[in-house]
Amino acid sequence: MDSVAVIDFETTGMSPEQGARATEIAVVLLRGGEVVDRFQSLMNTGAWVPPFIEELTGISNEMLDDAPPAERVMREVAEFVGGVPMVAHNASFDRRFWEAELARAGRAGGNPFACTLLLARRVYPEAPNHKLGTLARHLALPVTGRAHRAMADAEMAAGLWLGIRRALAQRYRLPDPDHSTLCALQSVPRAGLAAWIGRHCGG
DNA sequence: TGCCAGGCCCTCTTTAGGGCCTT
């Protein structure tokens with residue numbers, strides 16, 4: 001199994017294009033189905049954290065006053081991740097912040113992202129919904145810490161990623177699919193999932 | 001005061017609208 005970097009951002013809002021900035025980042029490095037390394041840091045961008053976000057994440061403006069500057073954190077995490085393909089829950093969100101914060105730090109991104117939300121909608125259609133916390137309970141994943149903190153959410157997403165791979169192996173005889181295969185699979189129409197796997201993966 | 005994103009996905013669809021996800 002190739003290495004993947006499972007990432008989660010906490011931020012001040014929904015969109016970097018609208019001025020939102022990252023407040024915390026966590027990355028869990030998976031290799032061979034195991035967590036082999038972790039990176040986590042608060043990051044100070046100078047942006048103000050709205051009260052609603054403080055309550056949601058537990059990350060306060062005071063905490064960020066003492067956090068290292070975002071540019072330094074992003075350079076460090078870019079070194080940590082390197083060229084490893086990435087995974088996130090609702091990856092379109094984390095990818096936008098990954099690219100935006102790296103660009104501010106003078107670093108290039110471009111890592112491919114797989115999305116556990118899109119995959120879970122296909123692999124776990126029976127789940128009550130496809131929020132990260134709900135899926136973690138659905139799969140009986142271990143509680144990894146306070147929800148809406150970056151490392152706890154990255155650990156949950158990593159567990160979900162491994163659960164999706166196990167489910168694909170069990171249901172579709174698709175053992176150890178690589179990152180690029182799952183990136184393709186996450187865009188396959190739900191109803192055609194089994195047929196697509198049969199055509200493209202010999203399952 | 002009120003508003004603010006982007007992408008996927010379903011359906012009472014496709015010349016569109018709205019719910020789901022992420023903070």
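A, B, ... follow the sequence lines: proteins, then strands. Residue 1 opens every chain.
When the P atom is compared between dC8(B) and dC3(B), the two are found 27 Å apart, to the nearest whole Å. dT23(B) and dT11(B): their C1' atoms are spaced 29 Å apart (whole Å). With both ends at atom P, the span from dC4(B) to dG19(B) equals 14 Å, rounded to whole Å.
Using a 4.0 Å heavy-atom criterion, one finds that Asp8(A) contacts the sugar-phosphate atoms exclusively.
Other residues, nucleotides and ligands contribute over 12 non-hydrogen atoms within 6.0 Å of the CD atom of Glu17(A).
Annotation: side chain to side chain contact (heavy atoms under 4.5 Å, CB included) contacts of Ser180(A) (sequence neighbours excluded): Asp178(A).
The phosphate of dT23(B) has OP1 or OP2 within less than 4.0 Å of a side-chain N or O from His148(A).
A donor atom on one side chain and an acceptor atom on the other are not found under 3.5 Å apart for His148(A) and Thr57(A).
With respect to Arg149(A) and Glu24(A), a salt bridge is recorded, a charged nitrogen being found less than 4.0 Å from a carboxylate O.
Applying the side chain to side chain donor-acceptor pair (under 3.5 Å) rule to pairs touching residues 67-79 of chain A yields Glu79(A)-Arg107(A), sequence neighbours excluded.
Side-chain contacts under 4.5 Å among hydrophobic residues (ILVMFWY), followed directly or transitively, place Val81(A) together with Ile7(A), Phe9(A), Met14(A), Ile25(A), Val27(A), Leu29(A), Val36(A), Phe39(A), Met43(A), Val73(A), Met74(A), Val77(A), Phe80(A), Val84(A), Met86(A), Phe93(A), Phe97(A), Trp98(A), Leu102(A), Phe113(A). Annotation for Leu64(A): hydrophobic cluster partners, listed by chain and number, are Leu42(A), Val49(A), Phe52(A), Ile53(A), Ile59(A), Met63(A) (ILVMFWY side-chain heavy atoms under 4.5 Å, direct or chained).
DNA chain B is contacted by Asn129(A), His130(A), Lys131(A), Leu132(A) of residues 129-141 of chain A, taking any non-hydrogen atom closer than 4.0 Å.
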Problem set entry | Nucleotide-resolved protein contact map, nucleotides 5-11 of chain B, B/S/- at heavy-atom distance under 4.0 Å | BB-SSS-

